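Contents: one structure, followed by commentary.
Bear in mind the structure is a predicted one, so any value in this text is a computation, not a measurement.
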There are 2 protein chains.
Amino acid sequence: MREGTSEAVNVVMSYKVDSDYNVVKGNNVGMIRRVSDDRPYHHGNLRTALLAAAERGLRERGADELALRDLAREIGVSHAAPRRHFPTRQALLDALAEDGFARLDSVLLTALEGTGGTAAHVRAVMTAYVRFATENAALADLMYTSKHRPGAERLLEAAAAPFGRMRELVLRGQSEGVLRGGDPDRLGMVLIATLQGLASMVNSAIAEPEQLGDLLETAFAQFVL
Amino acid sequence: MREGTSEAVNVVMSYKVDSDYNVVKGNNVGMIRRVSDDRPYHHGNLRTALLAAAERGLRERGADELALRDLAREIGVSHAAPRRHFPTRQALLDALAEDGFARLDSVLLTALEGTGGTAAHVRAVMTAYVRFATENAALADLMYTSKHRPGAERLLEAAAAPFGRMRELVLRGQSEGVLRGGDPDRLGMVLIATLQGLASMVNSAIAEPEQLGDLLETAFAQFVL
DNA sequence: ACCTGAACACCGTTCAAGT
DNA sequence: ACCTGAACACCGTTCAAGT
């Protein structure tokens, strides 16, 4: 853990030699990743490491507490290192939101793989959405906050996946006569809006989590004939 | 504007004597409020001044850019002065959100004063809500973000006003047979959730503002029989 | 009671320099 | 190409001190 200390006064710096004889430096020795066996986080996958750490931070402390310098420290790189992968803090937040839409899409996909007819699928998707958005409250917030910003195109593309999946389900439901008629894009948008809104109510403590089942049932009855 | 300059090196400090012969000091002379006629902001209504400045900042630059030090500078008090009125930055944000619920309530009240029957009132309230939440996007975000926090009781109480108003409208609509049946609390919650969700979609640029009319119409058709 | 000024411990961002 | 270290210009928060 402590193999040597530099002589310079005021500079808390330690070095360490791994089994490959590479010198690893850092201000925070305790945080240095082992370089020998499973390759260090940095040099190759800093981006992935940053996203993983950021996601944990987001869930555990919220977006406001997410500091690039903290993440860099946790991973064991300099505070300027993240810049190569995320030029700005907002870029990291955008990447998290983008990943959030991808995860949401796969959650919805899983819900659609369940047994039962279309009505059952609608119910399953609705439940899955609200579950995802309440279990990942800070992430859901991030996913739906002001994308009126240059460079947010990727994010909007990522959002298109779950929305497209929802649209397909709506089309299927309408053709089978289990869902209300009308423009499927509009109905799909209203459906997601309702679900996101319900999640917001729970996340903001305006509605209680225990009410969610009943609220979902009320919403379900409005969409399914 | 510049009446004198202190001699101290490295200290950029100017003083100014107003018509009441009070010496006003500050690092940013251009921002100093006139002390003579209309009484300065500070000394009496700093809280109000802070909220007003914060509201403008929220609208113009978003919550992330809202800095207590900035507001203090703009108003012309020391950076530590806000502390008396808002012990923490979060306290200021909470106060903004609280005010937001009060403003929303009065907006809904106004919508309910329009002509027409209950169905028309429902439509008016729905439109008014979404209009408010899209014209005050950053504020709406603030109003629905994690109140799972000690000291957020006042905020939840403030939220009760517009929700109560919505509930009354739902009860009226149900008794007149223009709204779907079921638990009025649940239906009211789903209604607000739908509206807030639609506003989120527009604010996040996932839906376009031009679609709002159609989306509202689709939502309206789901609640009104 | 309300505000000031200095201080502390952070930030995000930039940039020359290293390998 | 990717990372470091120092530097810059900010923050929020705290606290003794002033009036």
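The separation between B/Leu92 atom CG and D/dG12 atom P is 10 Å, rounded to whole Å. Atom CG of A/Asp64 and atom P of C/dC11 are 14 Å apart (whole Å). If you measure from atom CG of A/Leu68 to atom P of D/dC3, you get 14 Å, rounded to the nearest angstrom. Following rounding to the nearest Å, A/Glu65 (CD) and C/dC10 (C1') show an atom-to-atom distance of 12 Å. Atom P of nucleotide D/dG12 and atom CD of B/Gln90 are separated by 12 Å, given to the nearest angstrom. Following rounding to the nearest Å, A/Arg83 (CZ) and C/dC15 (C1') show an atom-to-atom distance of 8 Å. The interatomic distance linking A/Arg84 (CZ) with C/dC15 (P) rounds to 12 Å, in whole Å. Note: CZ (A/Phe86) to P (C/dG12) measures 14 Å, nearest angstrom.
For C/dT13, one of the phosphate oxygens OP1 or OP2 lies less than 4.0 angstrom from a side-chain nitrogen or oxygen of A/Thr88. Checking the phosphate oxygens (OP1, OP2) of C/dC11, a side-chain nitrogen or oxygen of A/Arg73 falls inside 4.0 Å.
Across the interface with DNA chain D, nearest-nucleotide mapping of A/Arg69 and B/Asp70 shows A/Arg69 to be the residue nearer the 5′ end. If A/His85 and B/Pro87 are placed on DNA chain D by their nearest nucleotide, the residue sitting closer to the 5' end is A/His85.
Nucleotide D/dA7: paired with C/dT13 (Watson-Crick or G-U wobble, both distances less than 3.5 Å). Base-pair partner of C/dG18: D/dC2 (Watson-Crick or G-U wobble, both distances under 3.5 Å).
With A/Glu98 contributing its side chain and A/Leu96 its backbone, the two residues share no donor-acceptor pair below 3.5 Å.
Residue-level contact check: B/Arg89 touches the backbone only, with heavy atoms under 4.0 Å from sugar-phosphate atoms and none from bases. Residue B/Ala80 is classed as a base contact, given a heavy-atom separation below 4.0 Å to a base. At the heavy-atom level, B/Ala81 lies under 4.0 Å from base atoms of the strands shown.
The closest side-chain heavy-atom distance from A/Leu51 to A/Asp99 is not below 4.5 Å. Between B/Arg165 and B/Leu112, some side-chain heavy-atom pair lies under the 4.5 Å cut-off. Between B/Leu139 and B/Glu55, every side-chain heavy-atom pair lies at or beyond the 4.5 Å cut-off.
Among D/dT14, C/dG12, C/dT14, the nucleotide with an atom closest to any side-chain atom of B/His79 is D/dT14. Taking only side-chain atoms of A/Ala67, from C-beta outward, the nucleotide of D/dG12, C/dT13, C/dC11 with the closest atom is C/dC11. Here the side chain of B/Leu46 is nearest to one of D/dG5, C/dC3, D/dC11, namely C/dC3. With D/dC3, C/dC3, D/dT13 as the candidates, the nucleotide lying closest to the side chain of B/Ser78 is C/dC3.
Environment of CZ in B/Arg103: crowded, with over 12 heavy atoms of neighbouring residues, nucleotides or ligands closer than 6.0 Å.
Salt bridge A/Asp94/A/Arg154: absent, no basic N to carboxylate O contact under 4.0 Å.
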